[in-house]
Amino acid sequence: MASETRSPRLAVLIDADNASAKIADGLFEEIAKIGEASVRRIYGDFSNARSKAWADILSKHAIIPQQQFAYTTGKNASDITLVIDAMDLLHGGRFDGFCLVSSDSDFTRLAARIREHGVDVYGFGEQKTPESFRQACRRFFYTENLLGGTANNQDVAARSQLLQPPDAATPIIKKVIAQMESEDGWVALGEVGKGLTNLAPDFDSRTYGSRKLSDLVRKTNAFDIEQPKGGTMRIRIKPPAGSPPKARGARKPAPVPAAKSV
């Protein structure tokens with residue numbers, strides 16, 4: 001009997017001082033798409049008002065709290081403890097990936113160090129997260145996109161202000177297509193998605209108000225789309241207005257041989 005393929009083992013480490021408890025449901029739903037959250041730890045001073053909100057939902061998501069009392073103002077013992085635990089877990093060699101939940105750029109070096117060991121890092125933070133931390137991760141998810149049904153009217157209003165128009169995604173999608181090898185300009189949408197992740201770890205169609213990449217591509221109105229029956233969706237950059245359409249698979253006519261002299 002063939003052994004069942006196991007999902008990637010993930011260590012989820014949450015900085016309670018820099019992550020809202022409102023994202024918890026959406027956070028673990030997103031993580032479940034990546035793999036199995038084998039370790040779930042959260043770090044903070046849970047006597048603090050911001051971190052205390054997490055204390056009410058720890059049991060729901062089986063999160064183990066790591067209490068860090070703020071004995072000295074300005075010293076973040078939570079960050080230090082999180083880093084120490086991350087390195088211990090990394091050198092244990094039992095995990096395929098780490099999920100670092102924070103908007104703090106202090107974890108940039110930690111993310112880079114983990115990836116140097118060939119282990120994936122998935123970051124989760126607000127849109128204010130510094131670019132250095134976002135780029136250090138294999139994928140980065142904006143927590144504003146994870147609020148879902150837990151968001152109140154104020155959260156929804158705040159998120160709508162952060163949404164970008166669909167056409168703002170057009171340049172980066174075109175850039176990815178231009179880097180792909182294609183004789184006729186058509187490329188598989190799935191391969192475009194992979195290219196976007198490699199080029200911009202924080203790219204997410206939800207940031208542009210679309211649930212899926214295919215929905216975003218349609219909204220931009222900048223690409224031709226085709227999906228043969230039973231086949232995968234393909235897209236290409238729309239040719240400039242007025243230019244004749246290029247037939248797919250068309251070949252250049254063979255050159256006419258020069259006449260031989262008598």
Side-chain angles (χ1 to χ4, degrees), residues 1-44 46 51 54-55 57-68 78-126 129 132-143 145-148 150 190 193-198 200-204 206:
M1 179 178 178
S3 59
E4 181 181 355
T5 302
R6 182 164 189 152
S7 300
R9 292 176 181 265
L10 304 172
V12 182
L13 307 179
I14 305 170
D15 176 10
D17 297 330
N18 281 285
S20 170
K22 295 177 183 179
I23 69 168
D25 291 344
L27 171 68
F28 284 100
E29 287 176 9
E30 195 70 35
I31 290 174
K33 299 175 186 177
I34 304 170
E36 174 189 343
S38 302
V39 167
R40 307 178 182 203
R41 298 180 187 175
I42 188 167
Y43 304 79
F46 298 99
S51 301
W54 281 100
I57 59 172
L58 295 178
S59 60
K60 178 181 179 181
H61 296 286
I63 308 172
I64 306 301
Q66 306 293 317
Q67 171 67 32
Q68 301 297 319
S78 298
D79 288 4
I80 297 173
T81 305
L82 189 156
V83 171
I84 292 173
D85 280 4
M87 297 310 293
D88 285 345
L89 293 170
L90 173 66
H91 291 299
R94 297 182 293 118
F95 297 95
D96 303 298
F98 283 74
C99 297
L100 303 180
V101 187
S102 179
S103 302
D104 195 339
S105 63
D106 289 348
F107 295 112
T108 300
R109 185 68 187 100
L110 173 62
R113 187 73 179 84
I114 293 173
R115 294 195 70 187
E116 287 174 2
H117 275 259
V119 178
D120 290 331
V121 175
Y122 303 92
F124 296 81
E126 298 176 0
T129 305
S132 59
F133 181 35
R134 290 186 274 124
Q135 292 296 325
C137 301
R138 180 190 175 192
R139 290 286 310 278
F140 190 90
F141 302 87
Y142 291 121
T143 53
N145 292 329
L146 306 180
L147 289 172
T150 63
K194 293 178 183 178
L196 286 168
T197 300
N198 292 334
D202 60 348
F203 183 89
D204 192 328
R206 291 172 293 188

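The figures here come from the full heavy-atom set of this structure, side chains too, leaving out hydrogens, waters and symmetry mates. It should be emphasised that the depicted structure is a prediction, and the values quoted were computed from it without experimental measurement.
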> Is there a side-chain contact between Phe141 and Ile23 (heavy atoms, below 4.5 Å)?
Replying inline: no
Output side-chain donor-acceptor pairs under 3.5 Å for residues 84-95, partner residues at least two apart or in another chain, one line each.
{"residue": "Asp85", "atom": "OD2", "partner": "Arg41", "partner atom": "NH1", "Å": "3.3"}
{"residue": "Asp85", "atom": "OD2", "partner": "Tyr43", "partner atom": "OH", "Å": "2.8"}

> If you measure from CZ on Phe140 to OG1 on Thr129, what distance do you get to the nearest 0.5 Å?
Replying inline: 3.5 Å
> Does the Ser78 side chain pair with the main chain of Gln68, one donor and one acceptor, at a distance under 3.5 Å?
Replying inline: no
>> I need the Leu13 CG to Ile64 CD1 distance, nearest 0.5 Å.
In response: 12.5 Å
> Given Arg134, which of Asp104, Asp204, Asp202 fulfils the salt bridge (charged side-chain N to carboxylate O under 4.0 Å, His left out) condition?
Replying inline: Asp202
> Do other residues, nucleotides or ligands put more than 12 heavy atoms under 6.0 Å from the CZ atom of Arg138?
Replying inline: no
>> Would you compute the distance between atom CZ of Arg40 and atom SG of Cys99 and round it to the nearest 0.5 angstrom?
In response: 10.0 Å
> Do the rings of Phe107 and Phe133 sit parallel, tilted or perpendicular, given the 30° and 60° boundaries?
Replying inline: tilted
> Tell me, do Asp15 and Asp79 make a side-chain contact under 4.5 Å, heavy atoms counted?
Replying inline: yes
>> When you measure from the side chain of Trp54 to the backbone of Ala19, do you find a donor-acceptor pair of N or O atoms at a distance under 3.5 Å?
In response: yes
>> Can you list everything that forms a side-chain contact (heavy atoms from CB on, under 4.5 Å) with Asn198? Sequence neighbours excluded, please.
In response: none
> If you measure from CD1 on Ile63 to CD1 on Ile57, what distance do you get to the nearest 0.5 Å?
Replying inline: 5.5 Å
> In Å, rounded to the nearest 0.5 Å, how long is the span from SG of Cys137 to CD1 of Ile114?
Replying inline: 9.0 Å
>> Leu82 vs Gln66, test: side-chain contact (heavy atoms from CB on, under 4.5 Å). Steps then yes/no.
In response: CA-CA 9 Å; Leu82 189 156; Gln66 306 293 317; over 6 Å; no
> Could Glu30 and Arg206 be called an ion pair, given the rule that one side-chain N must be under 4.0 Å from one carboxylate O?
Replying inline: yes
